[in-house]
Amino acid sequence: MLTKDDLLIQKDLPHINDISLKLYKDFCIDVLFKQRFHYYFKDGTDIIVEFREWGIYHMLSIQHIDYTIPKNDFFNRIEIGLSFTDFQSSKSINQRFKNEKQRITMFSCIYDALKYGETFYIPGKSVPNTKNVSCDYIIYREINNKGLNLGIRYEDGCFIPLTILISKSSNLTKYIDAATPKQIDKLKIIDISTNQIIEEIIKTSGV
């Protein structure tokens, strides 16, 4: 089983048995929800990225697996015992769970993608090759010959990650081909409560 510390450096897709909803909840509460990711681009623009519970709910595709779980009660359900085993309680839910397993395991690589991924602006907010996904930016990172596309949209005064789109090796850039690359100058990871810089990553040319 992976740990919260492992998720800070995870670069490869784990097996579903090596993760859990509780691990993800703890990682979000202890790490993601406490940090702000401030991207400065070489064209002089910048964005601030923060996480929300409802965004995690959508990134893990819970609404597609079991829509009876409310997005604002997701972490409470985990706290009182919700686990992957519950998604095997019926044939239909279990099938939907199987369909979303790759997105769920891909979430383990989010922190690595935030630090080292490439950023793209989506003109018009409509992500190509999707039915109705609306995002302002995508952070892209190749993971195990697949594309992790972290969709981000402006909500509540900052940019919130709210979806993970997975592109196959046969067409890794299907969601970003029509997007505008935003070359990162530097990334500041900031403690929200103290406003102190946890880490600053300076991007060199071509990185």
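Just so it is clear, the model here is predicted, and its values are computed rather than measured. When a residue number appears, it is its place in the shown sequence, counting from 1.
Atom NZ of Lys22 sits in a sparse spot, with 12 or fewer heavy atoms from other residues, nucleotides or ligands closer than 6.0 Å. Heavy-atom neighbours of Lys186 NZ from other residues, nucleotides or ligands within 6.0 Å: above the threshold of 12.
The shortest distance between side-chain heavy atoms of Tyr111 and Ile189 falls below 4.5 Å. Annotation: side chain of Thr163 is in contact with side chain of Arg103 (closest heavy-atom distance under 4.5 Å). Put simply, the side chain of Phe74 reaches to within 4.5 Å of the side chain of Leu82, judged on heavy atoms. Considering only heavy atoms from C-beta on, Ser89 stays 4.5 Å or farther from Phe97 through its side chain. In this structure, the side chains of Tyr24 and Leu7 come closer than 4.5 Å at one or more pairs of heavy atoms. Side-chain contact between Ile48 and His38: present, with at least one pair of heavy atoms (C-beta onward) separated by less than 4.5 Å. Ile110 places a side-chain heavy atom less than 4.5 Å from the side chain of Phe51. At least one side-chain heavy atom of Ile65 sits under 4.5 Å from a side-chain heavy atom of Ile104.
Between Trp54 and His58, the ring planes lie perpendicular to each other; the angle is over 60°, past the 30° to 60° tilted range. Ring-plane geometry between Phe41 and Tyr137 is classed as parallel, the angle between the planes falling under 30 degrees on a 0 to 90 degree scale with a further cut at 60.
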Legend entry - Cys28 and Phe107: CA distance, side-chain angles, deciding distance, side-chain contact (heavy atoms from CB on, under 4.5 Å) verdict: CA-CA 11 Å; Cys28 289; Phe107 182 83; 4.0 Å; yes
Legend entry - Glu79 vs Lys25, side-chain contact (heavy atoms from CB on, under 4.5 Å): CA-CA, chis, key distance, verdict: CA-CA 9 Å; Glu79 187 65 28; Lys25 178 187 76 71; 2.9 Å; yes
Inset, instruction - Go through the steps to decide whether Ser167 and Leu165 satisfy the test side-chain contact (heavy atoms from CB on, under 4.5 Å), and finish with yes or no. - result: CA-CA 7 Å; Ser167 47; Leu165 301 170; over 6 Å; no
Inset, instruction - Verify side-chain contact (heavy atoms from CB on, under 4.5 Å) between Tyr154 and Ile47, making sure each step is shown before the conclusion. - result: CA-CA 9 Å; Tyr154 189 77; Ile47 60 171; over 6 Å; no
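Between Phe75 and Phe33, the distance separating the two ring centers is shorter than 6.0 angstrom.
Among the candidates Lys188, Gln35, Lys115, the single residue satisfying the side chain to side chain donor-acceptor pair (under 3.5 Å) test with Glu199 is Lys115.
Judged by distance alone, with hydrogens and angles left aside, the side-chain atoms of Tyr175 form no donor-acceptor pair with the main-chain N or O of Thr130 at under 3.5 Å. Put simply, the side chain of Asp66 gets close to the backbone of Thr68: a donor and an acceptor are under 3.5 Å apart. A donor-acceptor pair is defined here as one N or O able to donate and one able to accept, closer than 3.5 Å; such a pair exists between the side chain of Asp86 and the backbone of Ser83. Listed for the Tyr39 side chain is a donor-acceptor partner under 3.5 Å among the backbone atoms of Leu114.
Taking the charged nitrogens against the carboxylate oxygens, Lys203 and Asp185 have no contact shorter than 4.0 Å, which rules out a salt bridge.
Summarising the geometry of Pro161 relative to Glu50, their closest heavy-atom pair is CD-O, 3.1 Å, with the distance given to 0.1 Å. Here the closest non-hydrogen pair linking Ser108 and Asp12 is OG-O, 4.3 Å. Annotation for Lys146 and Leu13: closest pair CD-CD1, 4.4 Å, computed over non-hydrogen atoms. Closest of all the heavy-atom pairs between Phe120 and Pro181 is CD2-CA, 3.7 Å. Listed here is the closest heavy atom pair of Thr105 and His15: CG2-C, 4.5 Å. Considering all non-hydrogen atoms of both residues, Pro70 and Arg77 come closest at CD-NH2, 3.5 Å.
Distance CZ/Arg141 to NZ/Lys11: 6.5 Å, rounded to 0.5 Å. For the atom pair CD (Glu53) and CD1 (Ile78), the distance works out to 8.0 Å, reported to the nearest 0.5 Å. To the nearest 0.5 Å, the span separating CG on Asp136 from CD1 on Ile160 amounts to 11.0 Å. Taken to the nearest 0.5 Å, the CZ atom of Arg96 stands 11.5 Å off from the CD1 atom of Ile62. Atom OG1 of Thr119 and atom CG of Leu150 lie 9.5 Å apart (nearest 0.5 Å). Put simply, OH on Tyr140 and CG on Asn149 are 6.5 Å apart, with the number rounded to the nearest 0.5 Å.
By the rule that hydrophobic residues join a cluster once side-chain heavy atoms approach within less than 4.5 Å of another member, Tyr121 and Leu148 end up as members of one cluster. No continuous path of ILVMFWY side-chain contacts below 4.5 Å connects Ile192 to Leu187, so the two sit in separate hydrophobic clusters. Clustering ILVMFWY residues whenever any of their side-chain heavy atoms sit less than 4.5 angstrom apart, transitively, puts Ile184 in a cluster other than the one holding Ile202. Hydrophobic clustering (side-chain heavy atoms under 4.5 Å, transitive across Ile, Leu, Val, Met, Phe, Trp, Tyr) keeps Tyr67 apart from Phe87. Residues Ile164 and Leu8 share a hydrophobic cluster, clusters being chains of Ile/Leu/Val/Met/Phe/Trp/Tyr side chains in contact below 4.5 Å.
Looking only at atom types and distance, the side chain of Thr3 has a donor-acceptor partner in the side chain of Asp6 under 3.5 Å away. There is a side-chain donor-acceptor pair under 3.5 Å between Thr45 and Asp43.
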